[in-house]
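Contents: one structure, followed by commentary.
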Protein chains: 2
Amino acid sequence: MAFSTACKLQEPVTIADKLFLDLRRSILVGEIPAGKKISEPELATAYGVSRGSLREAIGKLENCNLVTRKPNIGARIIGFSTAQLMEIYQIREAMEGMAARLAAEHITADELAHLRKILERHRQEIAQRQDSSQQDADLDFHFCIIQGSKNSRLIRMLCQDLYDLVRFYRFRLKSGFHRSEQAFQEHNLIVSAIERRDGEMAETLMRHHIRASRDYARNMLENVPQEES
Amino acid sequence: MAFSTACKLQEPVTIADKLFLDLRRSILVGEIPAGKKISEPELATAYGVSRGSLREAIGKLENCNLVTRKPNIGARIIGFSTAQLMEIYQIREAMEGMAARLAAEHITADELAHLRKILERHRQEIAQRQDSSQQDADLDFHFCIIQGSKNSRLIRMLCQDLYDLVRFYRFRLKSGFHRSEQAFQEHNLIVSAIERRDGEMAETLMRHHIRASRDYARNMLENVPQEES
DNA sequence: TAACTTAAAAGTGTCAACAATGTCAGGATA
DNA sequence: TATCCTGACATTGTTGACACTTTTAAGTTA
């Protein structure tokens, strides 16, 4: 599967880049389990590339916060903790709140139309109870608003860095995560505020929305503890 | 000079790490001019290391957002634009606002005492008109609050990633940037709110403070355009 | 048996050479 | 003269070998 990152990253021309994207996908999807140590020789032979290229790819993964490295010890896939997930939600609340505020000022008519289309798709998928694709619709919604902020660094920090982590957790918590009806209503309110160009309200609603997601996730994790992969 | 990053990064044990810190310093201080292309063979011989280690160091610089790389073309120090600086301020407003809110909940008594000490130092330096060290006091203040948030990822994103950019710009805009008396007053209010454990107010005040800094910077840049280094 | 020592094995960091790509200057053609 | 081709040069990407560190396991001693 290909990840719709919304923010266009150029086609991978170099081996290290292809490797990076390949590994990133494997990690996000869970093919490589969380917390696993990365053996450079092993992976290099597995992918048929030299260790140099692999190390460069690992360096990029480190930037995405998907692996951590210790000198002379090695790299390992990041772990998995409720506390970290809560931290991410807090950061999202702040940054996406700002993104929504800016989007209310800068979003284009085309993007707004696209946003409405995403909402419509989301509505249909709820009616048909397609849980899996609702998650995509949710991501697309958030990406679109972030994109609308027109703050290029904010876009990069969110879409490129933070949302890899969001996906990392989302793929490992698939089960029982659908507060979609509620989320859909909240999305609607946010878009309305943006349409009215009410940045203050858009920010407030977005923060509320993300906080509600966080509380929901926390409840799920406390009551139905996930297995460590 | 050594940068007090507040968030402890481990001692550089590997050559690439030392190189990274060295280059980072050179860039931030302005020894390497903004926008300059990096020649791998040139730098490698200059520092007496192999190109491999240098490339790893450049990779890390890319994570700090201090250089940009294009495949088969090369790396260059980031440019310098008012627009980008404004984007950074917007992000700081969101993230440091959140940091202040969290600090009001989680900061320790020791950290609060330290914060008060920083304020006192700041006050003295204003009285003695030591413009240069006031900048350090300002950075220390912000670092201390971020640290108090106890959100480890937020701390890393701000101290490690974003504040390198802040320093990058600050070193190139030294001239005529002292709204210290005003900033000092704002700092005081923020600390008071944190002491009262009033997170809502702490966030509001921090956002106001950063927005004021932004407006001030924008005015300076519009009226006294800086030379491109 | 348990703890310490030591040597082998595995893994990471570093390097220099090779391959592929991009850049630039000179000349040919319209 | 301006544009396009062409080939030499310079730079980046990639690789395999070497050096150093960590880990493991065997062996020794109390």
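Quick note on labels: first sequence line is chain A, next is B, and so on, each numbered from 1.
Glu42(A) has its CD atom 12 Å from the C1' atom of dA10(C), to the nearest Å. For Ile58(A) and dG11(C), the CD1 to C1' distance is 12 Å, given to the nearest whole Å. For the pair Leu54(A) CG and dG13(C) C1', the interatomic distance rounds to 14 Å; values are reported in whole Å. Following rounding to the nearest Å, Glu40(B) (CD) and dC15(C) (C1') show an atom-to-atom distance of 14 Å. If you take CD of Glu56(A) and P of dG13(C), they are 14 Å apart, rounded to a whole angstrom.
Minimum interatomic distance between Cys64(A) and Leu165(A) (heavy atoms only, all atoms of both residues): O-CG, 4.4 Å.
Arg51(B) is linked by a side-chain contact (heavy atoms from CB on, under 4.5 Å) to Glu40(B), Ala44(B), Arg55(B), counting only residues two or more places apart in sequence or in another chain.
Among the heavy atoms of the strands lying under 4.0 Å from Gly52(A) is at least one base atom, whether or not backbone atoms are also near. Using a 4.0 Å heavy-atom criterion, one finds that Leu19(B) contacts no nucleic acid atom at all.
Side-chain contact of His187(A) with Asp138(A): a donor-acceptor pair under 3.5 Å is present, judged by distance alone. Looking only at atom types and distance, the side chain of Ser53(B) has no donor-acceptor partner in the side chain of Glu56(B) under 3.5 Å away.
Along DNA chain D, the nucleotide closest to Gly48(A) and the one closest to Pro41(B) are compared, and the more 5′ of them pairs with Pro41(B).
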Check: protein-nucleotides 17-25 of chain C nitrogen or oxygen pairs below 3.5 Å:
from, atom 1, to, atom 2, distance (Å)
dT21(C), O3', Asn72(B), ND2, 3.4

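At the phosphate of dT14(C), OP1 or OP2 sits under 4.0 Å from a side-chain N or O atom of Thr14(B).
Between His209(B) and His142(B), the ring planes lie parallel to each other; the angle is under 30°, not in the 30° to 60° tilted range.
Electrostatic pairing of Arg172(B) and Glu31(B) does not count as a salt bridge here, judged by no charged N lying under 4.0 Å from a carboxylate O. Between Asp161(B) and Arg153(A), none of the side-chain N atoms (NZ, or NE/NH1/NH2) sits under 4.0 Å from a carboxylate O, so this pair counts as no salt bridge.
The cationic group of Arg167(A) does not satisfy the cation-pi geometry with Tyr163(A), failing either the under 6.0 Å distance to the six-membered ring centre or the 45° limit from the ring axis. At least one cation-pi condition fails for Arg218(A) and Tyr216(A): the charged atom is not both under 6.0 angstrom from the six-membered ring centre and inside a 45 degree cone around its axis.
Taking the 5' to 3' direction, DNA chain D first and last meets chain A under 4.0 angstrom from a heavy atom at dG13(D) to dT23(D).
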